[in-house]
Amino acid sequence: MFWFLLIALVVVVAAVTLAVVGGGAEAVLPDAEPDRVADGLPESRPVVRADIDALRLPVAPRGYRMAEVDDVLDRLGAELAERDARIAELTAAAAPHGPAGAPEPAGRIDLTKDER
């Protein structure tokens, strides 16, 4: 039994040594290509709801790749901030110029003025 275990140990050590040293310049396994966003957000136009619905982020062995998720969220945040600024600009341009400068509706009688 002792000789069997000794021979088995020698075989295992030899196999590990050959696997580590014997690989040479070529790797034992080829490097896997990293996952990338297959259908990213469009660069030439603003993002629409259908783009978000079609977006699929690749899954890494321990979840999502944080760098890619951060890139997508940064892009969405920038576009939303740009849209919010444009909406605020258009709202300010369409709003009346305040209560003092706003014209009174036709047919309204001002009861606070004294007509003497």
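Quantities reported herein were computed from a predicted structural model and do not represent experimental measurements.
- Applying the side chain to side chain contact (heavy atoms under 4.5 Å, CB included) test to L80 and every residue at least two apart in sequence or in another chain returns nothing.
- With contacts defined as side-chain heavy-atom distances shorter than 4.5 Å, the pair E79/D74 does not qualify.
- Remark: D70 does not engage R75 in a salt bridge, criterion side-chain N to carboxylate O under 4.0 Å.
- Connectivity analysis of hydrophobic side chains (ILVMFWY, heavy atoms under 4.5 Å, direct or indirect) links W3 to F2, L6.
- A distance of 9.5 Å separates CG in L76 from CG in D51, rounded to the nearest 0.5 Å.
- Here E82 pairs with nothing under the side chain to side chain contact (heavy atoms under 4.5 Å, CB included) rule; sequence neighbours left out.
- Residues meeting the side chain to side chain contact (heavy atoms under 4.5 Å, CB included) test with V13, sequence neighbours left out: L9, T17.
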Without placing hydrogens or testing angles, list every side-chain donor-acceptor pair under 3.5 Å for residues 85-94, not counting sequence neighbours.
from : atom 1 : to  : atom 2 : distance (Å)
R86  : NH1    : E89 : OE2    : 2.8
T91  : OG1    : I87 : O      : 2.7

